[in-house]
Amino acid sequence: MSNSVQEFNAYRSKMNEKLLADNNLLIKRIFNLDTNAYTEGALDVKTKELLGLVASAVLRCDDCVKYHLETSYKNGITREEMMEAMGIATLVGGTIVIPHLRRAYEFWEDLEAQQ
């Protein structure tokens, strides 16, 4: 696994454990809602992940973009599908999204390199 992917996952896991161990009911409910929102429903998981990716890019949340990129990759989304979604995100969010597009592309390359 690429170092950037490992680092991201290690940090995310460590901090999620700390946050959840604090036993804040509101935080736990938000985490649960977020997890359940991306399960199969009227929309399939791939579509939901791409929606999450686009929203995260438009909101310029690099951690969220990385999360959705990795989950999308694991769910079989192709580079072409990811790039089309990121193109929509850049169109909607404007040129301010371009630095996040660059980092997303680099992270996707790291995901592909782990194969």
Side-chain angles (χ1 to χ4, degrees):
M1 192 179 301
S2 168
N3 195 34
S4 72
V5 175
Q6 288 175 342
E7 288 174 8
F8 172 72
N9 286 324
Y11 177 76
R12 184 174 179 276
S13 292
K14 178 181 86 172
M15 293 311 298
N16 282 353
E17 284 178 27
K18 288 184 177 191
L19 288 166
L20 294 171
D22 200 40
N23 210 26
N24 180 292
L25 184 59
L26 180 58
I27 296 296
K28 284 185 174 190
R29 285 181 175 167
I30 291 169
F31 272 56
N32 189 347
L33 179 62
D34 183 65
T35 298
N36 288 325
Y38 291 95
T39 61
E40 193 80 23
L43 296 174
D44 63 26
V45 171
K46 289 171 106 176
T47 300
K48 287 182 175 187
E49 286 302 331
L50 289 174
L51 288 169
L53 176 61
V54 169
S56 296
V58 170
L59 292 169
R60 300 182 308 243
C61 176
D62 283 335
D63 277 6
C64 302
V65 167
K66 287 178 181 178
Y67 172 80
H68 287 291
L69 284 171
E70 185 170 16
T71 307
S72 293
Y73 184 80
K74 288 178 179 176
N75 280 288
I77 288 172
T78 65
R79 176 188 287 252
E80 292 77 21
E81 291 169 322
M82 178 275 295
M83 284 303 296
E84 190 165 329
M86 289 301 292
I88 297 296
T90 306
L91 173 67
V92 170
T95 57
I96 198 165
V97 173
I98 291 173
H100 305 277
L101 173 62
R102 290 185 194 115
R103 288 189 286 275
Y105 194 87
E106 180 180 34
F107 194 76
W108 188 269
E109 287 181 325
D110 290 344
L111 289 166
E112 290 178 327
Q114 69 186 1
Q115 292 299 320

So which atom in [X] and which in [Y] form the shortest heavy-atom distance, rounded to 0.1 Å?
{"X": "Ala104", "Y": "Met86", "value": "CB-CE, 3.8 Å"}
{"X": "Lys66", "Y": "Phe107", "value": "O-CE2, 3.6 Å"}
{"X": "Leu50", "Y": "Ala85", "value": "CD2-CB, 3.8 Å"}
{"X": "Glu49", "Y": "Ser72", "value": "CB-OG, 3.4 Å"}

Q) Is Lys74 salt-bridged to Glu70, going by a charged N under 4.0 Å from an acidic O? A)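 Salt bridge present between Lys74 and Glu70.
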
Side-chain ([X]) to main-chain ([Y]) donor-acceptor, under 3.5 angstrom:
{"X": "Asp34", "Y": "Ile30", "result": "no"}
{"X": "Lys48", "Y": "Ala37", "result": "yes"}
{"X": "Thr39", "Y": "Asn36", "result": "yes"}

When you group the ILVMFWY residues by side-chain heavy-atom contacts below 4.5 Å and let the links chain together, are [Y] and [X] in the same group?
{"X": "Ile88", "Y": "Tyr73", "result": "no"}
{"X": "Val65", "Y": "Leu101", "result": "yes"}
{"X": "Tyr67", "Y": "Met83", "result": "yes"}
{"X": "Tyr105", "Y": "Leu111", "result": "yes"}
{"X": "Phe8", "Y": "Met82", "result": "yes"}

**Q.** Which residues share a ring pair (Phe, Tyr, Trp, His ring centres under 6.0 Å) with Tyr38, sequence neighbours left out
**A.** His68

Q: Answer yes or no: does atom CD of Glu84 have more than 12 heavy-atom neighbours from other residues, nucleotides or ligands under 6.0 Å?
A: no

Q) Do Ile96 and Arg60 have side-chain heavy atoms sitting under 4.5 Å apart? A)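 Yes, close enough: below the 4.5 Å cut-off.
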
Q) Who else is in Leu19's hydrophobic cluster (ILVMFWY, side-chain heavy atoms under 4.5 Å, direct or via others)? A) Leu20, Ile27, Phe31

